[in-house]
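Chain identifiers are assigned alphabetically (A, B, ...) following the order of the sequence lines, protein sequences preceding nucleic acid strands; residue numbering begins at 1 within each chain.
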Number of protein chains: 2
Amino acid sequence: MPIPKDFMKPARLSAKERAFLQLQEWIIDGTLQPLEKLNDAELATALGVSRTPVREALQLLNAQGFVEMHPGVATQVTAVNNADVEKILPVLAALQALAAEEVSQKGVTASFIQQLRAKNAEFALAIESQNFYLALKLDDELHTLIIQEAENEYIANPVSNFQAHVRRLFFHNSIILTAQSVVEHEKLIASLEAQDAETAHAITKQNWVRATEEYASRTK
Amino acid sequence: MPIPKDFMKPARLSAKERAFLQLQEWIIDGTLQPLEKLNDAELATALGVSRTPVREALQLLNAQGFVEMHPGVATQVTAVNNADVEKILPVLAALQALAAEEVSQKGVTASFIQQLRAKNAEFALAIESQNFYLALKLDDELHTLIIQEAENEYIANPVSNFQAHVRRLFFHNSIILTAQSVVEHEKLIASLEAQDAETAHAITKQNWVRATEEYASRTK
DNA sequence: TTCTTATATATTGCATACATTATAAACTAC
DNA sequence: GTAGTTTATAATGTATGCAATATATAAGAA
């Protein structure tokens, strides 16, 4: 019986990876608050490992913009500026729109379209039941499906980083999702199906731009 | 006499930062060839430091896509796929175009426009004298000026990473620059001056898309 | 011979001790 | 009392030793 390789991999995570994932989660969900001091020795004992893997994880989080390092002074969680919604979402929109455009040009299979529709149906249910965190997660997954299809890691990597930042903004009450997204998703899927790259691009961008504007109007 | 803060900073770089910058440079300019094995102990002695800062630098390079790590086996320089030009440039174009759009909407000062024109003049000279590496560097600097003006680190960070990858592709003879860019830059500057966001966006995108197409046509 | 199993080796991963740096407190000189 | 200097402390940065892992080699049994 052939065992899929991918199944074996997650079995053993290195201490560094565990530390990274745990700290990132804590920063995103607010367990570790913005500007909170991160003493590596303290974190090491808390995570049951030595300082080395903790420091390595902190440096990666620093590269991702979740942690600020001041050599010889302190390491701390970065601040959360709610106004950053207006900085991130346009970039996320541009990248996701580019992916949609590329996928549309390449052409798609029927089963891929079916996957998207299924995910959008789940998304609609989550919105309807006002489970907004689940909705955000499903929205991410829907766009990630498209990005994986684009097979462009230069899009996929920054997008996955931005999604993490968006999740943190969500936990700090900076983002809202509405039923309007369900309609937009369906339009997006239809344009992919019709290989209409221009519309696919436009709709994807509109999807996040609208969210940005909703944020802006709420804060006025 | 007030000494500018920024002047003091580069004076002392940590061993990790020195290792990172040196290794990145070596990977970009081909001193360290694609797929070359990177033994951290070896690199440590070569750089006159211990394994720790070297390993930290390698992990950052891994996050940036310059290094591949296979735990317990080997660490090596990532491969260079010349076809990646067609993956990176559209993304770089999309991000730089977004920056140009934002700057255009915000409005610009006369001195900023003057800076851009000066840089483009240098760029034109470099192209004319067929100093293509200098030209690439000046092109980067021109677009970086615009990106700094946009004040959006979610654009600036991935772009600076992509520029590093593009420089590596240049050293592996995957990219060419032509005098056409000089004309496009001038059009871009004019559209920024006129606060024409749409044109600024379109020109910036065209600037790299054309380079991509030139690459594609050369490889056929 | 061929497949299996030990074993040796090389590499990365982790833990810990030490060095360096930056800040704040205490102390001295004026 | 205040300014400047010294000293103490706490944090990060670096070096080194050891552990764990993966691969290749060699040995042994079928």
Quiz item: Which two nucleotides bound the region of DNA chain C that has atoms under 4.0 Å from heavy atoms of chain B, read 5' to 3'?
Solution: dT11(C) to dA22(C)
Using atom types as modelled, flag every donor-acceptor pair under 3.5 Å from a side chain in residues 56-69 of chain B to any protein atom, sequence neighbours excluded.
residue, atom, partner, partner atom, Å
Glu56(B), OE2, Gln59(A), NE2, 3.3
Gln59(B), NE2, Glu56(A), OE2, 3.2
Gln64(B), OE1, Gln24(B), NE2, 3.2

Quiz prompt | salt bridge (Lys or Arg N to Asp or Glu O under 4.0 Å) involving Glu17(B) - partner list, sequence neighbours excluded | solution = none
For a quick test of your reading: what N or O donor-acceptor pairs under 3.5 Å do the side chains of residues 36-48 of chain A make, sequence neighbours left out?
residue, atom, partner, partner atom, Å
Glu36(A), OE1, Gln33(A), N, 2.8
Asn39(A), OD1, Ala41(A), N, 3.0
Asn39(A), OD1, Glu42(A), N, 3.3
Asp40(A), OD1, Arg51(A), NE, 3.3
Asp40(A), OD2, Arg51(A), NH2, 3.4
Thr45(A), OG1, Glu42(A), O, 2.7

Self-check item: Pair listing, ring pair (Phe, Tyr, Trp, His ring centres under 6.0 Å) test, anchored in residues 27-56 of chain B, at least two apart
Solution: none
Practice problem: Apply side chain to side chain contact (heavy atoms under 4.5 Å, CB included) to Glu122(A) and list each qualifying residue two or more places apart in sequence or on a separate chain. | Solution: Lys119(A), Leu138(A)
Self-check item: Contact state string [nucleotides 12-22 of chain D, B base, S sugar-phosphate only, - no protein heavy atom under 4.0 Å]
Solution: BBBBBB----S
Quiz item: What residue pairs, at least two apart or across chains, pass side-chain hydrogen bond (donor to acceptor under 3.5 Å, both in side chains) with a residue in residues 70-84 of chain A?
Solution: Thr78(A)-Arg168(A), Asn82(A)-Ser174(A), Asp84(A)-Tyr154(B)
Quiz prompt | Sequence neighbours excluded, every pair satisfying side-chain hydrogen bond (donor to acceptor under 3.5 Å, both in side chains) that has a member inside residues 107-117 of chain B | solution = Thr109(B)-Ser111(B), Arg117(B)-Glu186(B), Arg117(B)-Glu193(B)
